[in-house]
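What follows is a short report on a single structure.
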Amino acid sequence: MLLATWNVNSIRAREERVRAWLREKRPDVVCLQELKCEESRFPRAAVEAEGYGVALAGQRTYNGVAILSRLPLEDVSAGLQDGEDDMQARLVAATVGGIRVLSAYAPNGESLGSEKYQYKLRWFTRLRRYLDARFTPQTPLALCGDLNVAPEPRDAHDPERWASSVLFHDDARAALKQVVGFGLLDAFRLKRDEPGLYTWWDYRAGAFHKNQGLRIDHVLVTEPLARRCASAEIDREARKGELPSDHAPVLIGISP
DNA sequence: ATGGTTGCTTAGCAA
């Protein structure tokens with residue numbers, strides 16, 4: 001099974017690009033983030049025409065997550081469902097081929113000391129509770145998405161420069177680590193240990209051309225899935241050309 | 001280089 005995650009930065013702006021990419025890569029399951037549209041405006045027919053079913057949690061203008069799958073999507077569930085009054089569409093889950101797949105879009109956090117940063121840190125705590133309440137480390141589970149945190153120094157092109165950023169600050173990394181502590185492994189790092197591999201580059205200042213990026217998009221898997229991870233790739237080609245997303249897709253091959 | 005760019009929505013916010 002080929003499992004992918006991609007922050008598309010508006011599915012309507014990226015519809016043709018996503019469609020061409022589905023044709024090229026033929027992933028079995030794709031977790032999308034930052035749809036930036038309500039469910040009624042999602043290009044469902046185009047995706048279905050490529051052979052994919054859709055599970056999605058939409059939201060106008062901001063956020064929005066989906067799971068596309070060529071295999072049946074079962075037990076679809078949206079949101080953290082922890083009773084907090086939270087309209088932000090940042091999580092959708094479905095079971096595909098016996099794997100519980102989560103498409104997650106963690107809050108960016110804006111800046112250190114902001115309300116949004118506090119929300120970001122709390123969101124990770126809530127996500128850990130979500131996992132604790134529903135699964136065990138032996139559940140075949142893949143938490144995929146834009147988690148808006150680079151876990152380690154080798155995941156940032158200039159760790160010192162990014163230390164005061166919400167994407168690499170110690171507290172954000174600790175918050176992600178708390179989620180990983182549930183019993184997750186970084187599928188990408190199981191297969192690729194070299195530095196300089198990123199999934200996001202700022203649109204500005206030619207960051208992509210200079211490879212000044214961060215690895216903030218992740219596929220985190222429990223141990224039974226980790227044993228099956230066979231390949232890992234960041235598709236930099238998808239970040240090139242006219243009007244790309246600012247993120248590149250991550251693709252993980254999972255053997256039967 | 002506290003700039004730069006893109007998308008949504010309609011000048012300003014979010015990323």
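By convention in this document, chain letters (A, B, ...) are assigned in the order of the sequence lines, proteins followed by strands, and residues within each chain are numbered from 1.
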Just how far, in rounded Å, is P of B:dT6 from CG of A:Asn108? 18 Å
If I take atom CG in residue A:Asp202 and atom C1' in nucleotide B:dG3, what distance separates them, rounded to the nearest angstrom? 10 Å
Under 4.0 angstrom, heavy atoms only, what part of the nucleic acid is A:Glu34 near: base, sugar-phosphate, or nothing? sugar-phosphate
I want to verify a distance call: between B:dG4, B:dC8, B:dA14, whose nearest atom is closest to the A:Tyr62 side chain? B:dA14
Roughly how far apart, to the nearest Å, are B:dT6 and B:dA11 at atom C1'? 16 Å
Out of B:dT9, B:dT6, B:dA15, which nucleotide sits closest to the side chain of A:Arg41? B:dT9
Which nucleotide in B:dA14, B:dT5, B:dC8 has an atom nearest any side-chain atom of A:Arg204: B:dT5
Under a 4.5 Å cut-off applied to non-hydrogen side-chain atoms, are A:His218 and A:Thr5 in contact? no
Is the shortest distance from a Lys or Arg side-chain nitrogen in A:Asp155 or A:Arg189 to a carboxylate oxygen in the other one below 4.0 Å? yes
By nearest heavy atom, map A:Asn7 and A:Thr61 onto DNA chain B; which one lands nearer the 5' end? A:Thr61
What's the gap between B:dA15 and B:dG3 when it is taken at their C1' atoms, as a whole Å value? 15 Å
Is NZ or CZ of A:Arg134 both nearer than 6.0 Å to the six-membered ring centre of A:Tyr130 and within 45° of the ring axis? yes
Quick test of your reading of the model: are A:Arg122 and A:Glu84 salt-bridged, counting only N-O distances below 4.0 Å? yes
Separation of atom NZ in A:Lys36 from atom C1' in B:dC13, rounded to whole Å: 10 Å
When the P atoms of B:dT9 and B:dA14 are compared, how many Å lie between them, rounded to an integer? 14 Å
Just how far, in rounded Å, is C1' of B:dA15 from CG of A:Leu167? 9 Å
Salt bridge or not between A:Glu237 and A:Lys240? Use side-chain N to carboxylate O under 4.0 Å. yes
A:Tyr105 near the nucleic acid: base, sugar-phosphate alone, or nothing, with a heavy-atom cut-off under 4.0 Å? sugar-phosphate
Starting at atom CZ of A:Arg90, determine the distance to atom P of B:dA15, rounded to an integer number of angstrom. 7 Å
Starting from the 5' end of DNA chain B, give me the residue, A:Ala205 or A:Ala13, whose nearest nucleotide shows up first. A:Ala205
A:Ser10 side chain, from C-beta outward: closest of B:dG7, B:dT9, B:dA15: B:dG7
Between A:Trp200 (CH2) and B:dA14 (P), how many Å, whole number? 17 Å
Protein-nucleotide distance (A:Asn63, atom CG; B:dC13, atom P), rounded to Å: 18 Å
Give the rounded distance in Å between these two atoms: CZ of A:Arg12 and C1' of B:dT9. 10 Å
